[in-house]
Amino acid sequence: MSKIEDTVRIPPNRFEEPVEEVAVEILNESYVGNIDKKLGLMVTVKEIEEIGIGRVIMGDGAAYYDVVFTALSFKPELHEVVEGEVIEIMEFGAFIRIGPMDGLVHVSQVTDDYINYDGKRGALIGKESKKSLEEGNKVRARIVALSIKGKSSKETKIGLTMRQPGLGRVEWIQEEKDKQNKKTKKAKEKD
C-alpha cells in the first residue's frame with residue numbers, strides 16, 4: 001500500500017457526481033496496469049485521503065483537485081518465494097500467474113528430473129519421477145530473475161525456479177513433508 005500525491009482533472013459533465021468517487025475512478029483509469037520502478041505494478045486506487053479545493057483553469061472548464069490517495073501495488077522482489085497457478089504449458093516451460101503478473105519456469109527449473117513435454121496432454125512430465133505439471137496446478141516458486149521495464153506488465157520478465165526444497169507443485173511439497181514425517185517417526189521408534 002502506497003500513499004501518492006497527484007492532481008486529478010474532473011470534466012464539467014461530472015460536476016454533479018460525488019467528487020471523491022469520480023476522482024477514484026479517474027485515478028484508477030490512469031494508474032491501474034502501469035508499472036512504476038519503485039512501486040511495481042499498480043493494482044488499484046483504494047481511497048482518497050485528502051482532497052484540495054477544485055481549481056478551474058481558463059479555457060478548459062474542468063476542475064483540478066490536488067489529492068493524496070492510497071494505492072495497492074505489486075512489486076515482486078528477487079529471491080522472493082511466491083505462490084501461483086500454472087496458466088500455460090509450453091515445450092520450453094510453464095507460465096505461472098503470480099498475482100497480477102506472470103512468470104516463467106523454464107523446463108530446466110521445474111524439477112531435478114529430466115522433463116519431457118507431452119503436447120497432447122499439455123503437461124511437463126518428469127522422466128524418472130513421473131511428476132507432472134499441468135494448467136491449473138497450484139505451485140510455489142522462487143523468483144530468480146527479474147526485469148521490470150517499460151510501463152506495462154507485458155514488458156516485465158520474471159524468471160522462476162521450483163528446484164529447491166519446499167518449492168514445486170503443492171502436491172509434491174506435501175509428499176515431501178509426508179516422507180520426512182515417516183522418516184522422523186521411524187527414527188523415534190528405533191530409539
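Throughout, numbering of the chain's residues begins at 1 and tracks the sequence.
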### Task
Work out which heavy atom in E134 is nearest to a heavy atom in A123; give both atom names and the distance.
CG-CB, 3.5 Å

### Task
Verify side-chain contact (heavy atoms from CB on, under 4.5 Å) between Q174 and E176, making sure each step is shown before the conclusion.
CA-CA 5 Å; Q174 188 59 47; E176 283 300 314; over 6 Å; no

### Message
Checking K130 now: which residues fulfil side chain to side chain contact (heavy atoms under 4.5 Å, CB included) with it, not counting sequence neighbours?
### Response
none

### Message
Main chain of I98, side chain of D102: is a donor-acceptor contact present, judged purely on distance under 3.5 Å?
### Response
no

### Query
Hey, are R55 and D66 close enough for a salt bridge, meaning a charged N less than 4.0 Å from a carboxylate O?
yes

### Message
Counting neighbours of CZ on F15 that are heavy atoms of other residues, nucleotides or ligands and sit closer than 6.0 Å, is the number greater than 12?
### Response
yes

### Query
Taking C-beta and beyond as the side chain, do V32 and V43 meet within less than 4.5 Å on heavy atoms?
no

### Euclidean distance, I4 CD1 relative to E49 CD, rounded to 0.5 Å
11.0 Å

### Task
Verify, without hydrogens or angle tests, whether R142 (side chain) and H79 (backbone) share a donor-acceptor contact under 3.5 angstrom.
yes

### Query
What do the steps show when you test E17 against R14 for salt bridge (charged side-chain N to carboxylate O under 4.0 Å, His left out), and what is the final call?
CA-CA 6 Å; E17 300 174 46; R14 306 210 55 189; 2.9 Å; yes

### Summary
Taking every heavy atom of G93 against every heavy atom of V107, the minimum-distance pair comes out as N-CG1, 3.6 Å

## Note on the structure
One should read off an interatomic distance between T184 OG1 and K179 NZ, to the nearest 0.5 angstrom, of 13.5 Å

### Query
Got a sec: does the CD of E16 have more than 12 other heavy atoms crowding it under 6.0 Å?
no

### Query
So, do V67 and T7 sit near enough that their side-chain heavy atoms are less than 4.5 Å apart?
no

### Summary
Interatomic distance, CZ@R169 vs CD@E175, rounded to 0.5 Å, equals 8.0 Å

### Reported CE-to-OG1 distance for the pair M162 and T111, which is rounded to 0.5 angstrom
8.0 Å

### Query
Under 3.5 Å, side chain of R163 to main-chain N/O of S108, donor-acceptor pair present?
yes

### Task
Look at atom CD1 of I57 and say whether more than 12 heavy atoms of other residues, nucleotides or ligands are closer to it than 6.0 Å.
yes

### Task
Check L160 against V82 and note the closest heavy-atom contact, atom names and distance.
CD2-CG2, 4.2 Å

### Under 3.5 Å: donor-acceptor pair, side chain of N28, backbone of T44
no

### Query
side-chain contact (heavy atoms from CB on, under 4.5 Å) between L41 and M101: does it pass, once the steps are laid out?
CA-CA 8 Å; L41 178 71; M101 294 179 163; 3.5 Å; yes

### Sole candidate of E171, E85, E83 that passes salt bridge (Lys or Arg N to Asp or Glu O under 4.0 Å) when paired with K138
E85

### Task
Under the ring-ring contact (aromatic ring centres under 6.0 Å, His included) rule, collect the residues that match up with Y65, sequence neighbours excluded.
none

### Query
If you look at every heavy atom in S2 and L39, which pair is closest and at what distance?
OG-CD2, 3.2 Å

### Step-by-step side-chain contact (heavy atoms from CB on, under 4.5 Å) determination, E29 to V24
CA-CA 9 Å; E29 287 170 7; V24 167; over 6 Å; no

### Query
Side chains of S132 and R121: donor-acceptor distance under 3.5 Å anywhere?
yes

### Taking every non-hydrogen atom, the tightest pair across E135 and I89
N-CG1, 4.0 Å

#### Entry: Hydrophobic cluster identity match, V86 and I173, side-chain contacts under 4.5 Å
no

### Query
Counting distance only, does the side-chain N/O of D113 pair as donor-acceptor with the main-chain N or O of S129 below 3.5 Å?
yes

### Query
Regarding Y31 and D6, is there a side-chain donor-to-acceptor distance under 3.5 Å anywhere?
yes

### Query
Please walk me through it: do T161 and V105 pass side-chain contact (heavy atoms from CB on, under 4.5 Å)?
CA-CA 6 Å; T161 186; V105 179; over 6 Å; no

### Message
Could you see if I48 belongs to whatever hydrophobic cluster contains V19? Use Ile, Leu, Val, Met, Phe, Trp, Tyr and a side-chain cutoff under 4.5 Å.
### Response
yes

### Task
For R9, enumerate each residue passing the side chain to side chain contact (heavy atoms under 4.5 Å, CB included) test, keeping only those at least two apart in sequence or located in another chain.
P11, D60, A62, Y64

### Query
Are any side-chain N or O atoms of Q180 and backbone N or O atoms of K177, one a donor and one an acceptor, separated by less than 3.5 Å?
no

### Query
Same hydrophobic cluster for F69 and I51, using side-chain heavy-atom links shorter than 4.5 Å among ILVMFWY?
yes

#### Entry: Reported NZ-to-CG distance for the pair K183 and D178, which is rounded to 0.5 angstrom
12.5 Å

#### Entry: Rounded distance [0.5 Å steps], CG in D118 versus CG in L124
9.5 Å

### Shared hydrophobic cluster, I26 / M42 (ILVMFWY, side-chain heavy atoms < 4.5 Å)
yes

### Task
Indicate, with yes or no, if W172 and I96 share a hydrophobic cluster defined by side-chain heavy-atom contacts under 4.5 Å among Ile, Leu, Val, Met, Phe, Trp and Tyr.
yes

### Query
What's the shortest heavy-atom distance between I158 and P76, and which atoms?
CD1-CG, 3.9 Å

### Message
Do E77 and I143 have side chains that approach each other closer than 4.5 Å (heavy atoms only, starting at C-beta)?
### Response
no

